[in-house]
Amino acid sequence: MSRGGETFFERVYLLVRQVPRGRVVTYGQVARLLGLDRGARAVGWALRALDAEQAHRVPWHRVVGHGGRVSLGTSPAGLEQRRRLRREGVRFLDGRVDLARHGLRRAAR
DNA sequence: GGGCTGACTGACG
DNA sequence: ACGTCAGCCAGCC
(Lines give C-alpha, C1' and ligand atoms only; values in the text may rest on other atoms or scores of the structure.)
Protein backbone atom coordinates (compact mmCIF):
# COMPACT_ATOMS: atom_id res chain seq x y z
CA MET A 1 0.00 0.00 0.00
CA SER A 2 1.18 3.49 -0.57
CA ARG A 3 0.27 7.00 0.36
CA GLY A 4 1.65 10.08 -1.27
CA GLY A 5 3.09 7.88 -3.97
CA GLU A 6 5.52 6.12 -1.63
CA THR A 7 5.70 2.63 -0.26
CA PHE A 8 5.60 1.75 3.39
CA PHE A 9 9.31 0.97 3.25
CA GLU A 10 10.17 4.40 1.97
CA ARG A 11 8.07 6.03 4.64
CA VAL A 12 9.97 4.01 7.24
CA TYR A 13 13.26 5.27 5.86
CA LEU A 14 12.13 8.88 5.76
CA LEU A 15 11.00 8.72 9.37
CA VAL A 16 14.10 6.94 10.67
CA ARG A 17 16.28 9.53 8.96
CA GLN A 18 14.67 12.12 11.21
CA VAL A 19 15.82 10.40 14.39
CA PRO A 20 18.52 12.66 15.86
CA ARG A 21 21.91 11.47 17.03
CA GLY A 22 21.90 10.03 20.53
CA ARG A 23 18.20 9.24 20.33
CA VAL A 24 16.48 5.94 19.59
CA VAL A 25 13.00 4.71 18.68
CA THR A 26 11.45 1.27 18.77
CA TYR A 27 10.04 -0.64 15.81
CA GLY A 28 6.62 -0.31 17.38
CA GLN A 29 6.99 3.45 17.70
CA VAL A 30 7.95 3.80 14.05
CA ALA A 31 5.00 1.68 13.01
CA ARG A 32 2.62 3.71 15.13
CA LEU A 33 3.94 6.98 13.76
CA LEU A 34 3.22 5.63 10.28
CA GLY A 35 -0.31 4.65 11.23
CA LEU A 36 0.17 0.93 11.85
CA ASP A 37 -0.19 0.11 15.52
CA ARG A 38 0.93 -3.45 14.94
CA GLY A 39 3.27 -3.00 12.07
CA ALA A 40 6.46 -3.31 14.08
CA ARG A 41 7.35 -6.46 12.25
CA ALA A 42 6.91 -4.75 8.91
CA VAL A 43 9.26 -2.01 10.11
CA GLY A 44 11.92 -4.58 10.90
CA TRP A 45 11.33 -6.06 7.49
CA ALA A 46 11.87 -2.66 5.89
CA LEU A 47 15.12 -2.02 7.73
CA ARG A 48 16.39 -5.44 6.86
CA ALA A 49 15.81 -4.63 3.20
CA LEU A 50 18.28 -1.73 3.36
CA ASP A 51 21.22 -2.12 1.02
CA ALA A 52 24.69 -0.74 1.77
CA GLU A 53 24.03 2.56 0.07
CA GLN A 54 20.74 3.18 1.83
CA ALA A 55 22.23 2.14 5.18
CA HIS A 56 24.66 4.99 4.71
CA ARG A 57 21.94 7.63 4.84
CA VAL A 58 19.44 5.87 7.10
CA PRO A 59 20.46 5.65 10.80
CA TRP A 60 19.09 2.11 11.12
CA HIS A 61 21.09 1.59 14.32
CA ARG A 62 18.80 4.03 16.16
CA VAL A 63 15.88 1.63 15.86
CA VAL A 64 15.68 -0.92 18.66
CA GLY A 65 13.21 -3.47 19.93
CA HIS A 66 10.68 -3.09 22.68
CA GLY A 67 12.28 -2.13 25.97
CA GLY A 68 15.49 -1.02 24.30
CA ARG A 69 16.46 -4.50 23.29
CA VAL A 70 18.86 -4.90 20.37
CA SER A 71 17.03 -7.31 18.10
CA LEU A 72 20.12 -8.18 16.15
CA GLY A 73 21.54 -9.68 19.31
CA THR A 74 25.06 -11.06 19.09
CA SER A 75 25.23 -11.04 15.30
CA PRO A 76 27.93 -8.87 13.66
CA ALA A 77 25.30 -6.30 12.76
CA GLY A 78 24.05 -6.31 16.33
CA LEU A 79 27.51 -5.63 17.70
CA GLU A 80 27.97 -2.81 15.23
CA GLN A 81 24.63 -1.34 16.21
CA ARG A 82 25.67 -1.20 19.84
CA ARG A 83 29.03 0.24 18.92
CA ARG A 84 27.45 3.03 16.89
CA LEU A 85 24.95 3.85 19.62
CA ARG A 86 27.65 4.00 22.27
CA ARG A 87 29.66 6.30 20.05
CA GLU A 88 26.66 8.65 20.06
CA GLY A 89 26.60 8.64 23.82
CA VAL A 90 23.70 6.26 24.19
CA ARG A 91 23.75 4.57 27.56
CA PHE A 92 23.04 0.88 28.03
CA LEU A 93 21.55 -0.81 31.05
CA ASP A 94 22.33 -4.51 31.22
CA GLY A 95 22.71 -4.82 27.47
CA ARG A 96 19.68 -2.73 26.63
CA VAL A 97 19.32 0.86 25.56
CA ASP A 98 18.28 3.13 28.39
CA LEU A 99 15.01 4.30 26.87
CA ALA A 100 14.36 6.54 29.86
CA ARG A 101 17.21 8.69 28.60
CA HIS A 102 17.25 8.14 24.84
CA GLY A 103 13.75 6.94 24.00
CA LEU A 104 11.06 8.97 22.29
CA ARG A 105 9.06 11.46 24.35
CA ARG A 106 12.01 12.12 26.60
CA ALA A 107 14.80 14.62 26.20
CA ALA A 108 18.29 13.26 26.66
CA ARG A 109 20.13 14.86 29.53
C1' DG B 1 -5.27 -14.64 -4.67
C1' DG B 2 -2.71 -17.81 -1.29
C1' DG B 3 1.33 -18.87 1.29
C1' DC B 4 5.94 -17.75 3.28
C1' DT B 5 9.24 -14.80 5.61
C1' DG B 6 11.22 -11.86 9.24
C1' DA B 7 16.06 -6.54 12.60
C1' DC B 8 8.44 -7.35 16.29
C1' DT B 9 5.27 -7.72 20.42
C1' DG B 10 2.57 -9.05 24.21
C1' DA B 11 0.97 -12.94 26.77
C1' DC B 12 2.11 -17.40 29.15
C1' DG B 13 4.42 -20.97 31.68
C1' DA C 1 13.87 -13.04 34.06
C1' DC C 2 14.00 -16.28 29.94
C1' DG C 3 12.11 -19.36 26.25
C1' DT C 4 7.86 -20.26 23.55
C1' DC C 5 3.57 -19.32 21.12
C1' DA C 6 0.60 -16.98 18.50
C1' DG C 7 -1.05 -12.69 16.20
C1' DC C 8 0.27 -8.86 12.79
C1' DC C 9 2.03 -6.63 8.38
C1' DA C 10 4.14 -5.52 3.87
C1' DG C 11 6.62 -7.44 0.12
C1' DC C 12 7.78 -11.24 -2.85
C1' DC C 13 6.99 -15.46 -5.20
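Each chain gets a letter, A, B and so on, in the order the sequences are listed, and its residues count up from 1.
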| Reckon A:Arg82 touches a base, only the sugar-phosphate, or nothing at all at heavy-atom distances under 4.0 Å? | nothing

| Where is the tightest heavy-atom contact between A:Tyr27 and A:Val43, given as atom of each residue plus distance? | O-CG2, 3.7 Å

| remark: A:His66 atom NE2 is separated from C:dC2 atom P, nearest whole Å, by 15 Å

| query | To the nearest Å, how far apart are A:Gln81 CD and B:dC8 C1'? | reply | 14 Å

| message | What is the separation between atom CG on A:Leu34 and atom C1' on B:dC8, rounded to the nearest whole Å? | response | 14 Å

| message | If a pair means Watson-Crick or G-U wobble with both distances below 3.5 Å, what does DNA chain B look like in dot-bracket form, with | marking bases paired to a different strand? | response | .|||||.||||||

| message | Going by the rule side-chain contact (heavy atoms from CB on, under 4.5 Å), which residues pair with A:Val19 if we only count those two or more places apart in sequence or in a different chain? | response | A:Arg23, A:Val25, A:Arg62

| task | Rounded to the nearest angstrom, tell me the gap between atom CG in A:Leu50 and atom C1' in C:dG11. | result | 14 Å

| query | Tell me: CZ of A:Arg32 to C1' of C:dA10, nearest whole Å? | reply | 19 Å

| request: Please check if the side chain of A:His102 supplies one atom and the backbone of A:Arg91 the other of a donor-acceptor pair under 3.5 Å. | output: yes

| query | Rounded to the nearest Å, what distance is computed from the CZ atom of residue A:Arg69 to the P atom of nucleotide B:dG10? | reply | 12 Å

| Spacing of A:Trp60 atom CH2 and A:Glu80 atom CD [to the nearest 0.5 Å] | 4.5 Å

| Presence of salt bridge, A:Glu88 and A:Arg84, under 4.0 angstrom | no

| note | Atom OH of A:Tyr27 and atom P of C:dA10 are separated, to the nearest Å, by 18 Å

| field | Length of the CG-C1' vector between A:Asp37 and C:dA10, whole Å | value | 16 Å

For nucleotides 7-9 of chain C, which of its nitrogen or oxygen atoms have a protein nitrogen or oxygen under 3.5 Å away, and what is each distance?
{"unit_1": "C:dG7", "atom_1": "O6", "unit_2": "A:Arg41", "atom_2": "NH1", "d": "2.7"}
{"unit_1": "C:dC8", "atom_1": "N3", "unit_2": "A:Arg41", "atom_2": "NH1", "d": "3.1"}
{"unit_1": "C:dC8", "atom_1": "N4", "unit_2": "A:Arg41", "atom_2": "NH1", "d": "3.0"}

| Roughly how far, to the nearest 0.5 Å, is the NE2 atom of A:His61 from the CG atom of A:Leu47? | 12.0 Å

| Is the backbone N or O of A:Ala46 less than 3.5 Å from a side-chain atom of A:Tyr13, with the two atoms forming a donor-acceptor pair by type? | yes

| field | Side-chain donor or acceptor of A:Gln29 paired with backbone N/O of A:Gly103 under 3.5 Å | value | no

| task | Look at atom CZ of A:Arg57 and say whether more than 12 heavy atoms of other residues, nucleotides or ligands are closer to it than 6.0 Å. | result | yes

